[in-house]
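Right, one structure below, let's go through it.
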Amino acid sequence: MATVVQEPRQRRGWTDLPVVWHVRHSAGLQRGMLIAGLVLVLGIVLVAVLAPFLAPYSHAQMSGAAGPFPRHAPPSGEHIWGTTVGGYDVFSRTLWGTRTALLTVLMAVSASLVLGVGLGLVSGFFGGPLDRVLVMLADAVYAFPALLLAIVVSIVISGGQSSYFGGVLSAAIAISVIFIPQFFRVVRAETLQVKAEPFVEAARVFGMPRTRILRRHVLRNTTRSIPLIITLNAAESILTLAALGFLGFGIDPTAAAEWGYDLNRAVADTSSGIWWTGVFPGSAIVLLVLGVTLVGESLTDISDPRLRRRRHRGRKKA
Amino acid sequence: MTQERTSEGAGPVLSLEQVTVGFDTDSGVVEAVRGLDLQVGRGEIVALVGESGSGKTVTAHTILQMVPENARITGRITLAGADVLSLSGEDLRLLRGSAAAMVFQEPSTALNPVFPIGWQIADGIRAHQRIGRRAARARAVDLLRKVGLPDPEQRVDFYPHQLSGGQKQRVVIAMALALDAQLIIADEPTTALDVTVQAEVLEVLRRLRDDFGRSVLLITHNMGVVADLADRVAVMRHGELVEVADVADLFAQPRHDYTRELLASVPRLRAAAGEPIRSTPPNAEAPPVVVAEGLAITFPGRLGRPAVHAVRHVSFSVAPGEVLGLVGESGSGKTTISRAVAGLVGPTGGSLTVLGQEFRGARERDIRPLRQQIGFVFQDPATSFNPKLSIGDCVAEPLRVHRRDLTEAQLRARVASVLDMVQLSPALSGRFPHELSGGQRQRASLARALALDPALLIADEPTSALDVSVQARVLEVFAELHRELSFAAIFVTHDLAVVGMVADRVGVLRDGRLVELGPTASVLASPQEEYTQQLLAAAPVPDPAEQATRRTRWQALVSQPG
């Protein structure tokens, strides 16, 4: 019998985590894009966490110590980004809005991640009638206009508008319905590919149960492109949430601050020269989407060795 | 130093001086070729040999600057009098194809599937010359005739999928000839082909020199091909040239240790026929481990296509402790048989009994109990391990599934002992598959297959993805383990020399039929069937003199009618 060796297990360090690895292996413009995106996203996350300390008023506050807030007040010392037609403080609502946006995106993406990946794995690995039905359903969801679907789902769940958590939840579910098929398709395609790999066949030859093969061999090897879909879907879900709010199917203004709703209310203001009610929530949406998209796009490029730029570049030859 | 454009006839066609090629990678600059000096004379075939990673392919691609953007080339490359490295853009484009042309390894991907072959040949000509459609077609037909494609007038309108692998490679060679390039760079031109087809393509390459006076730079890892074709040989290792010599000298008196080692590890048919490895003589009384009676495996055809008969009416048996070699060319059904015995494909006709269980019509539930007695070694060591698990975990997998009674410590001890059996340090068990070399991985694969001490081992081309020196070591480990553990084994390979080293009996397959079956020594020494004779004669041996006589014998064999 050979001696028992203490297995020097090679733990993968924190530098191998997806985003960290990407920062370390990037260079030039790609690195700049990635870092700009990360700074934007982290900044907004920080604002969301610190909203109670940063915002002078609460999201639904319409009066202060000196009585009710003025309506349509231009930016001033009291209300640095002005107030809305309803008398809300724009600065406070924009800051609180980051919480709503991030919470919704987090819930929507994690729900679609779990369901999409799970269904994709099972569908791709076992195949058969279940696979065919799921693929058909995914195609059917694709065929619907995404926003229309989100509106229908949110009406079904909340019956229109509702409380803070109920509103966020229904928006998140409505958004995740759109994204489940995306995760499903990618993971199913990867599963089909991994399923044919010799190491899966090797496991079959020595009689490993199928559920164990799925867990141990297939799942771990199909997660490669998931970080990229997460970031790209996150950007889209911010826009979907804003669109829902804009169209009046989002969260009640007294329940939470939501940029889409604020934009909707600001539409009438533009013609009368009141710019501050629309510009700030609008810019907030743009910045968050920009940040997430920058991260997503540069992750895609850096992950692909053919697109990745390296620090020492050789002379170009035709 | 400035060099005049040399006129026809004088000086080498190609000369490389102190050529170094580096690649920018994530972990700094990697030098694939270091300080290479090499010359190819007029009408000369120079073979550049080396194992994988030796830099031979990079060298070939550097000559025409067909290198990725992150490559840095220094040194001097003179091709037909032109300094290649100083050229770029249009000048470089004009040089490609007219001064030197390339023949690629995989003929099926070197041709565009949506255009007829004649059009593709003409397209190459039109890139350099103004030529009418009819004239271009006539040239294409002429070129196809030169490379020995039968019925060139008809075939010129064929699409690549209508041709066989060997015919496609002829077309690629015809394309290389199209512009009268003096130098043909052939990058592993026969590696993707079966031995009988390889012999034909080598014949065509030889005619490039003998009949058309071209120079050929032949990149290969196959010493048999070198002995068959080359005038001069350059041996590369780790990006450096270790030895350059005339072919006769190199094989007769290799000067460098590495060359000697390389030549020694090439499996030889002759030696093999003498003494096949024998462990215990197969026990004739004991019931055989595998019995196939009229085994047939048919894959249903896709919509509107006929079914594929991968295996037709094959009968054989494997006794306990016996190694049965299955040899054949691609499409002969050898892999399908091995997969059927492993329970990965179901037989559709006849009968296949493995360890007493009939596999035809058997359900997974019936086969599962047998699985712990069957080990399988796959062809490609790179993909047969889960990249996310350590080697130790991969080898422990069968034990974790079937030996639930083992404690974690016992499990690890068992893993260490099987790794030790295949001569891998147990310290490697913490490594991940990509951190091991191909040969180490293939031995780990053997360890995994043997972890449960199986009664039957199936090895599907276990060494064909490996370099010869690594292959020799893996075969040695296999033979040793077989002596110790005396499992029954089915060893699938396309290499007759390999089968001679490991198998007790050999079955020769062709188009899904078993052509010949018998003891290894007698099949290899005195084959009865014509196909086996051809197969044996077509395999080149690493000895120029012997290969020359073998070549004439092979030519006589194939020129026989019928």
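Just so we're on the same page: letters track the sequence lines, and every chain starts at 1.
Shown here is B:Q423, whose CD atom has more than 12 heavy atoms of other residues, nucleotides or ligands within 6.0 Å. Other residues, nucleotides and ligands place no more than 12 heavy atoms under 6.0 Å from the CZ atom of A:F144. Counted within 6.0 Å of CZ on B:R34, heavy atoms from surrounding residues, nucleotides or ligands total more than 12; the atom is thus considered enclosed.
The closest side-chain heavy-atom distance from A:R216 to B:E397 is below 4.5 Å.
In terms of heavy atoms, B:R368 sits closest to A:M208 at NH2-O, 4.1 Å. Of all non-hydrogen atoms in A:A202 and B:R448, the two that sit nearest each other are CB-NH2, 3.4 Å. Nearest heavy-atom pair across A:G207 and B:V401 is O-CG1, 3.6 Å.
When each of B:P387, B:C394, B:S445 is checked for a side chain to side chain contact (heavy atoms under 4.5 Å, CB included) with A:F199, only B:P387 meets the rule.
Contact of B:F378 with chain A is made through the side chain alone, with heavy-atom distances under 4.5 Å.
Comparing B:A449, B:P398, B:S384 by heavy-atom pairs within less than 4.5 Å of chain A, the highest count is held by B:P398.
Taking CD1 of A:I213 as the start and CG of B:N386 as the end, the distance is 11.0 Å to the nearest 0.5 Å. If you take CZ on A:R204 and CZ on B:R371, they are separated by 6.5 Å, rounding to the nearest 0.5 Å.
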Stepwise side-chain contact (heavy atoms from CB on, under 4.5 Å) test for A:E201 and B:R339: CA-CA 10 Å; A:E201 294 205 317; B:R339 289 169 60 86; 2.8 Å; yes

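Electrostatic pairing of B:E364 and A:R210 does not count as a salt bridge here, judged by no charged N lying under 4.0 Å from a carboxylate O.
The backbone N or O of A:F206 lies less than 3.5 Å from a partner atom in the side chain of B:H402, making a donor-acceptor pair.
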